[in-house]
Structure formats: structure tokens, C-alpha cells
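A quick write-up on the structure given underneath.
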Number of protein chains: 2
Amino acid sequence: MDSSKSKELEERLREAGLRVTATRVEVYEFLRELGGHHSVDDIFKALTERGHKIPRMTVYNVVTDLEGVGLLMCADAGPGRALYEVADVWHHHYVCRVCGTIFDVPCLVGEKPCLTPPGTLPGSVDEAQVIFRGVCRDCSGSEKGVNE
Amino acid sequence: MDSSKSKELEERLREAGLRVTATRVEVYEFLRELGGHHSVDDIFKALTERGHKIPRMTVYNVVTDLEGVGLLMCADAGPGRALYEVADVWHHHYVCRVCGTIFDVPCLVGEKPCLTPPGTLPGSVDEAQVIFRGVCRDCSGSEKGVNE
DNA sequence: GTTCTATTTTGATTATGTCAAATGTGTTCG
DNA sequence: CGAACACATTTGACATAATCAAAATAGAAC
């Protein structure tokens, strides 16, 4: 149940000419098992607490490499730190204005680019990422308090 | 041709209970005249070179205040530093993967939220911001060189 | 003009990300 | 198997972005 995905990871890495290293597998597995969107520092701290002594710089290297191969993607959720997640099916994001929580929003089309560009664009389009903003149900009830 | 906009700025500030200060007017005018998307540091440096000695911190304060009032908006163009622009008509953004240039993309609807949320969302939606990514014409011609 | 309070300023501090050189480790090939 | 090469990781310094608290300043109302 795990080895199949790991095998796939190994293959994807080799296909791309990247070596299969413990660090890369760890970072990928961490993101895949935990799910959600995580910053480099999240990953760094989590793996450190798990006992894996790993420099922050290495996490940057790894996520950049894995993103280049298409195994991870950088979630668009507004400015700030980059948030990474396992690149599975193409989807969008909903960001709560109050608590900042990020929810995945399934894409109706399911693959990039999913939106028909309006009129003319200044170049080719290979991706259309949507960020929905609003107040999530948890926050609309109790309004204040959660994060402000 | 300028005073009308300035008057409007003053009114919007007063309406929101904010004071009309030289700094706020300067920052707003700078962004409106120059157009485009600018980081806090862009604004800081530009105003400094123009002879206005203004601390970076103050620029942060001002853009945050003006954004809160709805006079500025923070452009979604991926992670990294926050980019501000005058909040005029609702639109989206096209980001070139090679040179990083950001182009405005007119919205077909023109007002928020412009997209019909797919199915159910975890809360209310007041905004749907789209980021188109691809390679702009300038870069697709000469491929490499521009930024890589 | 005086007063009150929002705003600006100052300086320190945290978070985030990048660079270059030294070290270590997969992988390949003899 | 084991040596050698190239790719990865590590180290530590550095660069950039953003935040905080408290003191100084300047709108706006009276």
C-alpha cells in the first residue's frame, strides 16, 4: 500500500535523471502521508522532530527538484512563503480570510489548463490556477477570535 | 485631471475613518501614476529616489491601510513578496514562467466574484482570483537567456 | 493655538530564501 | 566487488521580506 507509491516515486525520479536518495523519499512521503499544504519550514521542523536531522537548505533543494519533476507542486495561495503539496490531480484553492486555512477545491476539468483564457493573452498558457477567497464556515459562525 | 482622483482618495480615506496624510497620498499617487504591480521595496526605493525620505516600515503601514480600505489590492502572482496595485477594475494576472513579468488579464465579468464556484465550497466566496501561467511572446522567441 | 489620538518613525527581531564551496553518497562501469 | 565520477547534501554566511514595540510626530477637532 506504500511500496507501490514508493516504486512510482523511484521511477519518476530515475526517468527525470534524478537520483533516488533517502532525503527525497522522506520529504515526498511526508507530504503525501500528511497531505495538505506545507512550507519548507514546516517540512524541516517536522522531519527534524521525527529524528531526521536534515538541513533547511536541503529541504529547499529537494522540493525544488521534486517540483521540477512534477512530483510536487507549489500551491498558489497568495503572497508569502511557498507552500508545497503532492502533485496529484489538478485542483484549485480556497483561502479563508479570517483563519487563513487553505482548502483544496476540485477542478471541474481536472487538468491544466482548465480555464479558457479570456480573449487574447500575452503568450501561451499551460496553467490556470484559481484562488477563491472568503470566510469559511468555522469562522463565519464565531466571527472574530480565530486569528484576529 | 489629477485633483479629481485626489479628492476621491481623500474622501475614501475619511469615510473609512483614516486620516489624510502626505505619505498615504504619495504612495497611492505613485502606484496610480506608474501603474503595474510593485513590492513594498519598489515603492520605498522609488519614493526615496524622488527625494521623499520615507522609512520602509511606513510603506508597509500605508499599503496595509490602503488595502484595508479597498484603495489598493494585493496582486496574486504566486508566492514571494506581496505586490500591490491600485484597485480599479477587477482583473486577473498572467505570469511568464521565464521572465516573471506580470500582465493584467481583463476579467470577462469585471467584478468579484467572477467565477461560479464548482460545487460546494467550505464557506462563502467573495473573490475568485485567477493566475494564468505560461511563456510570454518575448520569451518564447528567444527561449533561453532572458532569465535563465 | 491646544489637545487628543492616529500615524510615522526608529531600531531590533523574526521569517524566508539564496549563494558558494566543501563534503558525502548513488550509480555505473571495469 | 570496488573504484571513480557526477550528482546530492551539508555547512555557514548572506540577502531579502516582513513584523513588533515603543517613542516621536503630526492630523483634526475644539
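Chain naming here is simple, since letters A, B, ... match the order of the sequence lines and numbering starts at 1 in each.
Under a 3.5 Å cut-off, the side chain of A/Arg19 and the backbone N or O of A/Leu13 do not form any donor-acceptor pair. A/Asp42 places a side-chain N or O within 3.5 Å of a backbone atom of A/Ser39 that can act as its donor or acceptor partner. Listed for the A/Tyr94 side chain is a donor-acceptor partner under 3.5 Å among the backbone atoms of B/Ser124.
Side-chain contact between A/His38 and A/Glu85 is absent, with no heavy-atom pair separated by less than 4.5 Å.
Note: A/Cys96 SG to A/Arg137 CZ = 11.0 Å, rounded to the nearest 0.5 Å.
Ion pairing of B/Arg14 with B/Glu11 is absent here, as no side-chain N (NZ or NE/NH1/NH2) approaches a carboxylate O to less than 4.0 Å. A salt bridge between B/Glu15 and B/Arg12 is absent, with no side-chain N of the basic residue lying under 4.0 Å from a carboxylate O of the acidic one. Looking at B/Glu127 and A/Arg97, a side-chain N of the basic residue comes within less than 4.0 Å of a carboxylate O on the acidic one, giving a salt bridge. Taking the charged nitrogens against the carboxylate oxygens, A/Arg81 and A/Asp41 have no contact shorter than 4.0 Å, which rules out a salt bridge.
Summarising the geometry, the separation between CZ on A/Arg24 and C1' on D/dT10 is reported as 14 Å, rounded to the nearest angstrom. In this structure, OH of A/Tyr60 is placed 4 Å from P of C/dG17, rounded to the nearest angstrom. The nearest whole Å value for the distance from the NE2 atom in A/His52 to the P atom in D/dA8 is 20 Å. Rounded to whole angstrom, the span from the CG atom of A/Leu13 across to the P atom of D/dA6 amounts to 21 Å. Rounded to a whole Å, the NE2 atom of B/His38 is 15 Å from the P atom of D/dA17. In this structure, the CD atom of A/Glu26 is 12 Å from the C1' atom of D/dT9, given to the nearest Å.
Grouping the Ile, Leu, Val, Met, Phe, Trp and Tyr side chains by contacts below 4.5 angstrom, directly or via other members, places B/Leu66 with B/Met57.
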Might you list the N or O atoms of the protein lying below 3.5 Å from N or O atoms in nucleotides 27-30 of chain D, with each pair's distance?
unit_1: D/dG27; atom_1: N2; unit_2: B/Arg19; atom_2: NH2; d: 3.2
unit_1: D/dA28; atom_1: OP1; unit_2: B/Arg14; atom_2: NH1; d: 3.2
unit_1: D/dA28; atom_1: OP1; unit_2: B/Val20; atom_2: N; d: 3.0

Could you list the protein-to-nucleotides 9-14 of chain C atom pairs, N/O on both sides, closer than 3.5 Å?
unit_1: C/dT9; atom_1: OP2; unit_2: B/Thr58; atom_2: OG1; d: 2.9

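Exactly one residue among A/Leu83, A/Thr101, A/Leu31 makes a side-chain contact (heavy atoms from CB on, under 4.5 Å) with A/His37. That residue is A/Leu83.
In the set C/dT16, D/dA18, C/dT7, the nucleotide with an atom closest to the side chain of A/Asp41 is C/dT16.
Over its full length, the helix from C/dG1-D/dC30 to C/dG30-D/dC1 turns its helical axis through 30°, comparing axes from the five pairs at each end and rounding to 10°.
DNA chain C is contacted by both A/Ser39 and B/Asp65; B/Asp65 maps to the nucleotide lying nearer its 5′ end (nearest heavy atom per residue).
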